[in-house]
There are 2 protein chains.
Amino acid sequence: MASGTRERIMDVALQLFAERGVAATPVTAIEAAAGLSAGSGSFYRHFKDKQALLAAVVEREIALVRKDPAVPAAGTLAGQLLSDLDFLGRLRPLMTILMWERNRAPEVAEHVQQVMADRGVELGTAEELAVAPVEAVRADPQAAAAVMMSAMTGYFLTTEYFGRRPAGIDPQRFASTLARLLTG
Amino acid sequence: MASGTRERIMDVALQLFAERGVAATPVTAIEAAAGLSAGSGSFYRHFKDKQALLAAVVEREIALVRKDPAVPAAGTLAGQLLSDLDFLGRLRPLMTILMWERNRAPEVAEHVQQVMADRGVELGTAEELAVAPVEAVRADPQAAAAVMMSAMTGYFLTTEYFGRRPAGIDPQRFASTLARLLTG
DNA sequence: GTCTATACCTTGATAGAC
DNA sequence: GTCTATCAAGGTATAGAC
């Protein structure tokens, strides 16, 4: 169960890091949560130090998200937005850690951004907007795409970090209204 | 210069807390940044401990934001949105700290939420939406308000935390496009 | 009110027995 | 690979001189 422990350490670390931040998570707490004796250096048999663990955790999460099939472009924009919200949900622990570490480890921030860009959450669906019959969208498609992306991340972050959905609106209702605003 | 030092401590603490988090900011660093000798306990002449300082800083920021006249409701929705973005900017250090401390100090989170709600960022401007000629808005005004609020916080948070504006769109362009999407 | 000095605790990290 | 034991470093907090 050698690498079993290693995986378990990464599992609990992901959770603890996202919950309390890297700086506020002592190695001893990680050991305890992983079923090792707290204070024993057993952790160091698996990772050089906490930074190495952080890097490994981030790598693993990114790989996991990347492997996930990017959803075969649902037909409707609303459907696309819904699946994007789901995608963001899977990125959540990573985004949380990123927000904590953005100053101390900017590489991590860029890495996550890259993943999001790859997935197309940022601007990929903007193509669908090009043919929208809505006047405001035709007037400035780029700004409209920015509104779309902002609304998505805002809805997601509000839900995740402030503990409640904006105005209590559920994801379906949100996605469908956003889509209708953009495409008429 | 007794209370002068106290104020200075709060000033630098707000900055350091927002930059690196409370847990990652030792009292010694606060002392140093405030012009005191690092490691001297001079800090403790002004605050009982770091938690007390955090509470005081949050209180002071909230009071400051509250005192600020809530902008005399600009005529256009776009104008309103722009001033709301500015308001969010002033809340920024507080929101950063909140995101870090939300698990350790949920009261702080609720406190800030209350301020935002009071200001009307959340749903106050929804009234303007009631008369909008846009079909999607009339169909579900509450969801439209949620989209508006999400777009605002999303634009703000993306700018602040990911270091760049969504699609490089500036605030004016963003606000005006969002307003046009909502009101036609 | 700020300093030097210090006691204490927590955390990071290693050594060596099992 | 995990444990007990251990230490150095860093951080909290207090005491007492100035």
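Residue numbers begin at 1 in each chain, while the letters A, B, ... track the order of the sequences.
Rounded to whole Å, atom P of C:dT11 lies 17 Å from atom CG of A:D49. Taking atom CZ on A:R8 and atom P on D:dG1, their separation rounds to 12 Å, with Å as the unit. Taking atom CZ of residue A:R6 and atom C1' of nucleotide D:dT2, one finds them 17 Å apart after rounding to whole Å. As rounded to whole Å, 8 Å separates atom P of C:dA13 from atom CZ of A:F43. As rounded to whole Å, 14 Å separates atom P of D:dG10 from atom NZ of A:K50. Regarding B:Q51, its CD atom lies at a distance of 10 Å from the P atom of D:dA13, rounded to whole Å.
Residues B:I30 and B:L53 are in side-chain contact: their nearest non-hydrogen atoms beyond the backbone lie under 4.5 Å apart.
Near DNA chain C, defined here as any heavy-atom distance below 4.0 Å, there are no residues from residues 9-23 of chain A. Contacts with DNA chain C (heavy atom under 4.0 Å) in residues 24-32 of chain A: A:P26, A:V27, listed by number.
Counting only heavy atoms from C-beta on, A:R45 has its side chain closest to C:dG16 among D:dG16, C:dG16, C:dA13. The A:Y44 side chain lies nearest to C:dG12 when the options are D:dG1, C:dG12, D:dA13. When the nucleotides C:dC3, D:dT2, C:dG1 are ranked by their closest atom to the side chain of A:H46, D:dT2 comes out on top.
Distance alone, capped at 3.5 Å, is enough to place a donor-acceptor pair between the A:N103 side chain and the B:E19 backbone. In this structure, B:R102 contributes its side chain and B:M99 its backbone to a donor-acceptor pair below 3.5 Å.
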Using nucleotides 4-7 of chain D, report all nitrogen or oxygen pairs with the protein that are shorter than 3.5 Å.
{"from": "D:dT4", "atom 1": "OP2", "to": "A:S37", "atom 2": "OG", "distance (Å)": "3.3"}

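Here the CE-CG distance, from A:M148 to A:D84, works out to 7.5 Å after rounding to the nearest 0.5 Å. Atom OG1 in A:T5 sits 6.5 Å away from atom CD1 in A:I9 (nearest 0.5 Å).
Shown here are the side-chain contact (heavy atoms from CB on, under 4.5 Å) partners of A:R180, two or more places apart in sequence or in another chain: B:E135, B:A136, B:A139. Taking B:R138 as the reference, nothing meets the side-chain contact (heavy atoms from CB on, under 4.5 Å) condition, with sequence neighbours excluded.
Nearest heavy-atom pair across A:M149 and B:T158 is CE-CG2, 4.3 Å. In terms of heavy atoms, B:I169 sits closest to B:F174 at CG2-N, 3.6 Å. The nearest pair of heavy atoms linking A:A167 to B:A146 is CB-CB, 4.2 Å.
Within the structure, the ring-ring contact (aromatic ring centres under 6.0 Å, His included) test picks out no pair touching residues 5-34 of chain B (sequence neighbours left out).
Between C:dG1 and B:T5, no contact under 4.0 Å exists linking OP1 or OP2 to a side-chain N or O.
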